[in-house]
Amino acid sequence: MESSDLFADRYPHQKIEQKWQNKWFKDKLYKVNDKDDKPKWYELTMYPYPSGDMHIGHWYAMTPSDTRARFRRMQGYNVLHPMGFDAFGLPAENAAIKHGIHPYKWTMQNIENMRRQLKSMGTIYDWDREIVTCKPDYYKWNQWVFLQLYKSGLAYRSYAPANWCDSCNTVLANEQVLESGLCERCDTEVIKRDLNQWFFKITQYADELLDQSKIDWPEKIKSMQMNWIGKSEGVEISFDISEYSLDQKFINTFTTRIDTIFGVTFIVIAPEHPLVTQLTTSDNIDQVKSYIYEASKSSEIERLSTDKDKTGVFTGSYCTNRLNGDRIPIFVADYVLLSYGTGVVMGVPSHDQRDYKFAKKYKLEIKLVVQDPTSKNKDILEAYLSDGVMVNSGKFDGLSNIEAKNKIADYIENRGYGKRSINYKMRDWLISRQRYWGTPIPIIYCNDCGIVPVPEKDLPVLLPENAEFLPTGESPLSTSLDFVNTICPNCNLEAKRETDTMDTFVDSSWYFFRYLSPNYKEGIFDRNKILEWGSVDQYTGGAEHAVMHLLYSRFFVKALRDLGLINIDEPFKKLFNQGHIISGSQKMSKSKGNVVSPDEYVNQVGADVVRCYLMFIGPWDQGGEWSDSGLRGMSRWINRVWEIFNKDKSNLIINNQDSKLEKEASYIINKTIRKVTEDLEKFKFNTSIASLMELTNWINEKLNTKSINKVIWNDIKNKLIILLAPFAPHMAEELWYLQGYKYSVHNEKWPQWSLKHLELDTKTIIIQVNGKFRDKINVTSDLNESEIKEIALQRERVNQYISGKEIKKIIYIKDKLINCVVN
RNA sequence: GCCGAAGUGGCGGAAUGGUAGACGCGGCGGUCUCAAAAACCGUUGCCUUUUACGGGCGUGUCGGUUCGAAUCCGACCUUCGGCACCA
């Protein structure tokens with residue numbers, strides 16, 4: 001950062017910001033009173049992960065929403081704008097492994113520092129409501145919700161693959177696996193390992209989550225959620241494998257194109273599918289086994305990559321298409337996922353591009369069943385995806401394929417070959433993490449009683465302090481014998497605890513309710529407070545949470561509602577996504593060394609300047625680039641505002657009455673109030689501030705020309721300070737105090753504008769000739785259309801362009817312009 | 001590949017059918033100063049011989065609608081974001 005003398009410094013920000021922050025804190029100015037009978041407004045910013053040091057990105061997310069919350073407060077709402085910490089998670093555990101510091105200590109130190117930084121921003125957070133998710137009085141309720149979901153069948157245990165590093169002997173998060181597929185710590189190839197894990201049944205709510213009628217969110221986010229849920233309707237149909245005398249006589253596939261069932265020339269099965277080994281013949285077993293091993297090394301993203309060539313191996317077995325008796329080869333290929341549909345795909349190369357490529361590669365038959373009515377598909381050079389007429393499809397020949405879809409589905413259902421079904425891309429939510437720093441899952445495994453939930457009275461299941469974080473191949477909690485070994489609550493015999501912890505998205509799925517009764521001991525939340533406050537009125541945060549956090553929260557709220565705990569359908573009524581702030585045209589990151597730290601800027605120019613600058617950069621949803629010189633401009637403006645109030649006005653303010661000037665002043669102040677108010681509603685902080693700058697420029701100009709009298713000054717100073725208050729809360733408070741007004745400006749009412757003052761005696765009319773600007777005139781409001789036209793046509797500048805030409809028509813837009821159309 | 005957003009001075013941006021470039025940064029000229037910084041005042045889209053408060057051009061590209069288009073429509077180009085073999 002450049003030296004401080006480059007910055008304007010007449011405004012003693014350090015002294016003033018300290019003074020008011022202390023006073024607000026002492027007076028509990030921003031304490032939220034539930035009993036207040038003003039209308040309630042819940043404005044929430046996504047809570048941060050306590051990584052230790054705040055960078056300017058945190059400020060970019062938080063100061064504009066604080067300004068909005070302050071604005072709502074001054075508009076007469078009882079505003080709740082709380083803050084807390086998303087305190088469980090991987091970085092704390094990594095710090096523990098790397099530096100030997102306990103995750104709790106590391107996290108709490110970070111929180112302490114961040115709390116100090118957040119306070120320095122001059123925000124209205126009511127710190128009495130702070131929540132810290134790694135504290136037992138918070139995560140106890142994660143466990144409690146888990147038990148409720150378990151009881152109602154929404155939590156279940158099943159096998160799921162996890163990234164595994166053989167050398168480190170540990171499970172890896174996706175972010176710990178390099179793009180090359182190697183472990184980030186030791187460069188060993190990462191494989192998949194099936195683990196028994198816990199899930200929440202979010203798929204049960206798939207259809208309700210698709211209903212977005214009760215949320216006012218950006219279209220972008222809504223469409224991302226739609227795609228993520230990925231509903232598709234089709235038919236589940238079985239192929240006959242009874243010739244192999246296995247337990248299963250049929251192999252099931254799901255298709256959205258049942259009209260192409262007669263074009264199936266191969267079947268593809270996912271490598272993880274339990275039938276694979278049973279169906280593989282001894283000739284092919286070596287090949288198939290090595291293929292499965294290779295597949296386990298590739299990540300899902302790699303497997304699903306369109307760039308990659310399709311690969312697969314033949315199992316040596318066949319199945320029979322029950323509609324036409326065709327004998328069809330069965331392949332294993334990694335482009336089929338066990339987790340979607342039935343994990344088996346019917347290959348129709350003539351009508352699916354991916355199947356077409358696969359068939360070409362392995363020289364499989366390509367059989368046309370839907371004919372293009374125009375070209376008749378003479379040569380099949382690629383899959384034909386459009387609609388057409390059925391051919392090679394037995395008794396369905398000649399029908400349109402759209403009609404055939406239904407008829408074939410009916411036929412299949414009548415014969416018992418399959419049934420219509422709906423599939424979702426979305427899977428159930430895997431919440432198990434083989435980690436230390438998270439909420440212990442409250443389950444006990446007993447040899448006799450099986451899976452036993454921890455009784456509610458025994459909650460919380462505390463995270464033991466003495467677990468070993470170094471990788472052992474087990475979840476860290478299993479190294480704490482005091483923790484693992486317990487007594488079965490059912491039979492009182494020895495039993496073992498679950499040693500996995502919960503995904504931290506569980507914490508963030510309901511934290512917004514905990515703010516309403518943060519210290520409530522009798523339950524997850526005080527239901528009366530939920531009735532009073534309801535869900536979040538305005539939520540703000542980054543778009544990177546478009547799917548996971550925002551979808552999980554919606555699921556949680558619906559599940560809690562169905563458990564009878566609340567009567568709310570959606571957690572966040574309105575959503576706004578801010579963009580990202582960048583530095584040196586790049587995302588800020590420690591490795592690039594371009595992280596902008598707010599503390600030193602706050603020291604040099606003050607929190608108000610940093611706040612205003614961040615809001616002034618550009619539209620909030622588009623993000624922007626940090627620039628020291630831009631900040632300097634804001635510092636200049638804040639200092640100019642300060643000077644307006646602090647310079648000696650005995651010679652500047654005149655005593656004369658001047659109704660024309662008073663009218664002008666009244667016009668500009670009303671215009672500013674309207675602009676600031678309307679733009680704040682729309683999150684357009686940049687233009688709000690620009691209009692405040694215009695107002696202060698006007699005041700300075702009038703002071704310099706000695707054209708402000710006492711009437712104007714008294715009106716304008718009062719309103720200007722109030723308008724400044726949400727943006728620059730410290731300076732506004734000090735100016736308010738210096739004017740001798742009653743503490744606090746933040747309890748003042750937001751000013752109203754009146755249309756009466758926005759009407760001027762004269763209007764500026766633009767004169768165009770053939771749509772080009774040529775002149776403008778000032779006319780009094782009482783002139784009518786023909787009088788204005790007459791004046792306009794007489795203007796010399798206009799005459800230059802119309803003389804000697806035929807006037808075809810004149811367009812007149814009231815109070816705005818005249819356009820003269822000539823040849 | 002699909003979906004979405006965006007493209008305007010030297011820079012961040014404003015204007016969502018009616019004076020393009022508000023506001024700010026940067027630049028240039030000046031005031032103050034021994035000098036500089038800071039601050040303040042003036043100026044600043046580009047081109048042109050501004051003798052004229054003069055003329056011409058100008059919102060990614062090409063076309064269209066309109067009296068009038070940065071804004072609406074069509075095609076294309078570029079950038080960014082998201083999703084990605086979903087059977």
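These figures come from a predicted structure and were not determined experimentally. Worth knowing before you read on, the calculation uses all heavy atoms, side chains too, and leaves out hydrogens, waters and symmetry mates. Proteins get letters first, then strands, A, B, ... in listed order; numbering begins at 1 in each.
Across every strand in view, B/C40 sits in a pair with B/G30 that passes the Watson-Crick or G-U test at under 3.5 angstrom. B/C23 is paired with B/G12 under the criterion used here, namely a Watson-Crick or G-U wobble arrangement in which both key atom distances are under 3.5 Å. Pairing for B/A70 is absent, judged as Watson-Crick or G-U wobble with the two contacts each under 3.5 Å. In a base pair of the Watson-Crick type (N1 to N3 plus N6-O4 or O6-N4) or a G-U wobble (N1-O2 and O6-N3), with each distance short of 3.5 Å, B/C76 is matched with B/G60. In this structure B/U51 sits in no base pair that meets the Watson-Crick or G-U test at under 3.5 Å. Pairing for B/A87 is absent, with no Watson-Crick or G-U wobble pair whose two atom distances lie under 3.5 Å.
Using C1' as the reference atom, B/U48 and B/C34 are 44 Å apart when rounded to the nearest Å. If you take atom P in B/C73 and the same atom in B/G17, they sit 12 Å apart, rounded to whole Å. As rounded to the nearest Å, B/G21 and B/U44 have C1' atoms that lie 12 Å from one another. If you take atom P in B/A84 and the same atom in B/C3, they sit 16 Å apart, rounded to whole Å. Here, B/G68 and B/C2 have their C1' atoms 38 Å apart, quoted to the whole Å. Only the C1' atoms considered, B/G74 is 40 Å distant from B/G26, to the nearest whole Å. For B/C11 and B/G27, the C1' atoms lie 11 Å apart once the distance is rounded to whole Å. For the P atoms, the distance from B/A15 to B/G24 is 15 Å, rounded to whole Å.
In terms of heavy atoms, A/I330 sits closest to A/T315 at O-OG1, 2.7 Å.
Atom NE2 of A/H273 is separated from atom P of B/A87 by 17 Å (rounded to the nearest Å). B/A87 atom C1' lies 13 Å from atom CG of A/L385, rounded to whole Å. Between A/M226 atom CE and B/G4 atom P there is a gap of 13 Å when expressed in whole angstrom units. A straight line from NE2 of A/H545 to P of B/G81 spans 17 Å, rounded to a whole angstrom. Rounded to whole Å, atom P of B/A87 lies 19 Å from atom CD1 of A/I328. When rounded to the nearest whole Å, the span between CG of A/N227 and P of B/A84 equals 9 Å. Separating the CD1 atom of A/I582 from the P atom of B/U79 is a distance of 16 Å, rounded to the nearest angstrom. In this structure, A/D775 places its CG atom 10 Å from P of B/G54, rounding to the nearest Å.
Here the two rings, on A/W217 and A/F576, have centers that are 6.0 Å apart or farther. Annotation: A/W637 is not in aromatic contact with A/F616 [ring centroid separation under 6.0 Å not met]. For A/F358 and A/Y335, the distance between ring centers is under 6.0 angstrom. Taking the six-membered ring for Trp and the full ring otherwise, the centers of A/F199 and A/W429 sit at least 6.0 Å from each other.
Note on A/D775 versus A/R795: salt bridge recorded, some NZ/NE/NH1/NH2 to OD/OE distance being below 4.0 Å. Salt bridge annotation for A/K675-A/E694: absent, with no cationic side-chain nitrogen under 4.0 angstrom from a carboxylate oxygen.
No engagement by A/V268 is indicated, since no non-hydrogen atom pair under 4.0 Å with the nucleic acid exists. Within 4.0 Å (heavy atoms only), A/K809 reaches sugar-phosphate atoms of the nucleic acid but no base atom.
Ring geometry for A/Y340 versus A/F254: interplanar angle over 60°, hence perpendicular rather than tilted (30 to 60°).
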Using a cut-off of 4.0 Å between protein heavy atoms and nucleotide atoms, how would you tag nucleotides 13-24 of chain B 5' to 3' with B, S and -? SSS--BB--BBS

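Both A/Y801 and A/Y424 lie near RNA chain B, and the one whose nearest nucleotide falls closer to the 5' end is A/Y801. When each of A/T255 and A/V821 is assigned the nucleotide of RNA chain B bearing its nearest heavy atom, the one mapping closer to the 5' terminus is A/V821.
When the nucleotides B/G4, B/G26, B/C57 are ranked by their closest atom to the side chain of A/K772, B/C57 comes out on top.
OP1 or OP2 of B/C41 has at least one side-chain nitrogen or oxygen of A/N704 nearer than 4.0 Å. Taking only side-chain nitrogens and oxygens, A/R354 never comes nearer than 4.0 Å to OP1 or OP2 of B/G1.
Taking the O4'-C1'-N9-C4 or O4'-C1'-N1-C2 dihedral as appropriate, B/G9 has a value within 90° of 0 and is therefore syn.
In terms of the side-chain contact (heavy atoms from CB on, under 4.5 Å) criterion, residue partners of A/E365 (sequence neighbours excluded) are, by chain and number, A/T265, A/K367.
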